[in-house]
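The structure appears below as structure tokens.
Letters A, B, ... are given to chains in the order of the sequence lines, protein chains preceding strands, and every chain is numbered from 1. All values derive from a computational prediction rather than experimental measurement.
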2 protein chains.
Amino acid sequence: MEREISSGWLMFIGFRAAEDRIVAALAEAGYADITRAQARLLAGIDVDGTRLVVLADRARIPKQTALALVNGLEAAGFVERVPDASDGRARLVRLTAHGRGVLPVAIAEETRIEADWQGVLGVRRMRALRKALWELALSADPHLHSPDAAQGANAVPGER
Amino acid sequence: MEREISSGWLMFIGFRAAEDRIVAALAEAGYADITRAQARLLAGIDVDGTRLVVLADRARIPKQTALALVNGLEAAGFVERVPDASDGRARLVRLTAHGRGVLPVAIAEETRIEADWQGVLGVRRMRALRKALWELALSADPHLHSPDAAQGANAVPGER
DNA sequence: AATGGTAGTACCATAATCGTACTATCTCCA
DNA sequence: TGGAGATAGTACGATTATGGTACTACCATT
């Protein structure tokens, strides 16, 4: 009669495995200076830029932390800040040309991960897994299926 | 044509939701001083104690980080270190009486989470989800199904 | 007994986290 | 129309987490 590993912890294992692979792929492609936390933030940036608070929300961190990370990414030349025409308070964090270079690498590795996982589970079970995970994510965070969730939200380091 | 949220990121969302609930439950029960990282470490402690390197491995952190966390937990009275009879080098990190107090709280919340998720997916799909997650975890970390994986490994903060 | 490996630890530099708090701007209603 | 209250960004600062290098004590195996 053993205690089972919780589902949440199993998700942690899967998530970390994927994240490790993406960060490793980035490092191998020459982006060795991108940290895990930075990658998680980058993952939330949309093509036409995203506000700091939105990034913080997506990465589940307070905006002060997001600010520090964006500052680092900006100093490293991956992102830039442009004014948000629709709101004078806001600024949009956007990928620079240099920052856009990480996209193909991250996406490629992410695609490989999905393929590997599908190799383990098969097409049908993989689809069921994604559907279930999606529903759970929605139930935990209803605000997730906001209009833009299905929109241009292009993950950067292969995530989000 | 929108980019899908990666499976890894969906797992992140689920994991964080679960972790947040457990940490919140602990805080509400009076264990407000337990941090996220500490909880993840506590989750890996077996009933009869666990070595530092094993804890580090389970939480996916280097042993130096694990050491710092254990030091903190020891100072706070949650764990103690006892010699490992089978190996003079090793010491076992074990829950104190005070530390064992967090167990019921964490397990209760974890149970509630599993129930909630099952409420969303239904029994059959929940079982399929766990099975799939488990297989992916195994494929990413084959060393996971070590003998003790099915043994007394009792998660502490509801996780493992 | 020698050799190579492992567990724990120390020291240290950096990164991440997050509280409090302030400014500029927006929104909406009285 | 004029605030009042909410929100975006930022600053400052304290604490925690992370992870490199390296050392000691102990184990295992030849």
Side-chain angles (χ1 to χ4, degrees), chain A residues 12 16 19-20 23-24 27 31-46 49-76 78-94 143 157, chain B residues 12 16 19-20 23-24 27 31-46 49-76 78-94 143 157:
Chain A
F12 170 68
R16 278 298 297 260
E19 190 178 57
D20 287 348
V23 170
Y31 302 105
D33 46 341
I34 297 180
T35 69
R36 217 178 276 283
Q38 286 177 332
R40 292 210 274 264
L41 207 83
L42 281 175
I45 302 181
D46 302 293
T50 308
R51 294 185 192 179
L52 187 68
V53 281
V54 175
L55 291 182
D57 199 56
R58 288 181 178 167
R60 269 93 190 149
I61 54 178
K63 60 180 180 175
Q64 300 92 320
T65 304
L67 176 68
L69 293 171
V70 166
N71 284 341
L73 287 168
E74 189 181 42
F78 289 105
V79 303
E80 61 188 346
R81 278 180 255 221
V82 297
D84 183 339
S86 72
D87 190 332
R89 294 166 300 180
R91 301 166 74 184
L92 294 175
V93 177
R94 212 171 49 179
H143 134 94
Chain B
F12 171 68
R16 278 298 295 261
E19 190 179 57
D20 286 348
V23 169
Y31 301 106
D33 46 341
I34 297 181
T35 68
R36 214 178 276 284
Q38 286 176 332
R40 292 210 273 263
L41 207 84
L42 282 174
I45 302 180
D46 303 291
T50 308
R51 296 186 190 179
L52 187 69
V53 282
V54 175
L55 291 181
D57 200 55
R58 288 181 178 167
R60 267 95 189 149
I61 54 177
K63 59 180 181 176
Q64 300 92 319
T65 303
L67 176 68
L69 293 172
V70 166
N71 284 341
L73 287 168
E74 190 181 41
F78 289 106
V79 303
E80 61 188 345
R81 279 181 254 220
V82 297
D84 183 340
S86 72
D87 190 333
R89 293 166 300 180
R91 300 167 76 184
L92 294 175
V93 177
R94 214 172 47 180
H143 133 95

Checklist entry - Which letter, B, S or -, goes with each nucleotide of nucleotides 24-29 of chain C from 5' to 3', with contact meaning a protein heavy atom under 4.0 Å? => result BBS---

Next on the checklist: Distance check, rounded to the nearest 0.5 Å: A:L41 atom CG versus A:F78 atom CZ?
Outcome noted: 13.0 Å

Next on the checklist: Using whole Å, what does the distance between atom C1' of nucleotide D:dG9 and atom CG of A:D57 come to?
Outcome noted: 15 Å

Next on the checklist: Strictly below 4.0 Å, N to O, side chains only: are A:D20 and B:R60 in salt-bridge contact?
Outcome noted: no

Item to check | Interatomic spacing from CG in B:N71 to CG in B:L52 - rounded to 0.5 Å | outcome: 8.5 Å

Item to check | Closest-nucleotide ordering on DNA chain C, the 5'-leading residue of A:K63 and A:R60 | outcome: A:R60

Next on the checklist: I need the CG-C1' distance between A:D84 and D:dG9, as an integer number of Å.
Outcome noted: 12 Å

Item to check | Spacing of B:L52 atom CG relative to D:dA25 atom P, expressed in whole Å | outcome: 18 Å

Checklist entry - To the nearest 0.5 Å, what is the distance between CZ (A:R94) and CD1 (A:I45)? => result 11.0 Å

Next on the checklist: Output the rounded distance in Å from CZ (A:R91) to C1' (D:dT7).
Outcome noted: 16 Å

Checklist entry - What's the verdict on side-chain contact (heavy atoms from CB on, under 4.5 Å) for B:L42 and B:L69, showing C-alpha distance, side-chain angles and the deciding distance? => result CA-CA 9 Å; B:L42 282 174; B:L69 293 172; over 6 Å; no

Next on the checklist: Just verifying a value: how many Å separate B:L73 CG and B:I34 CD1, rounded to the nearest 0.5 Å?
Outcome noted: 7.5 Å

Item to check | Whole angstrom value for the distance that separates P of D:dT7 from CG of A:L92 | outcome: 19 Å

Checklist entry - Does the pair A:D57/A:R51 count as a salt bridge with the N-to-O cut at 4.0 Å? => result no

Item to check | Estimated bend of the helix from C:dA1-D:dT30 to C:dA30-D:dT1 (axis per five terminal pairs, rounded to 10 degrees) | outcome: 30°

Checklist entry - Rounded to the nearest 0.5 Å, what separation is found between the CZ atom of B:R58 and the CZ atom of A:F12? => result 13.0 Å

Checklist entry - Which value, rounded to the nearest 0.5 Å, describes the distance between B:T65 atom OG1 and B:L55 atom CG? => result 12.5 Å

Checklist outcome for this item: To the nearest angstrom, the CG-C1' distance between A:L67 and D:dG13 comes to 14 Å

Checklist entry - What closest approach, in Å, do B:V70 and B:V79 show between heavy atoms, and which atom pair accounts for it? => result O-CG2, 4.0 Å

Give each protein N/O atom lying under 3.5 Å from an N/O atom of nucleotides 15-17 of chain C, with the pair distance.
{"from": "C:dA16", "atom 1": "OP1", "to": "A:T35", "atom 2": "OG1", "distance (Å)": "2.3"}

Checklist entry - In whole angstrom, what separates B:D33's CG from C:dC18's C1'? => result 17 Å

Next on the checklist: Treating B:R81 as the side-chain partner and B:R91 as the backbone partner, does any N or O pair qualify as donor plus acceptor under 3.5 Å?
Outcome noted: no

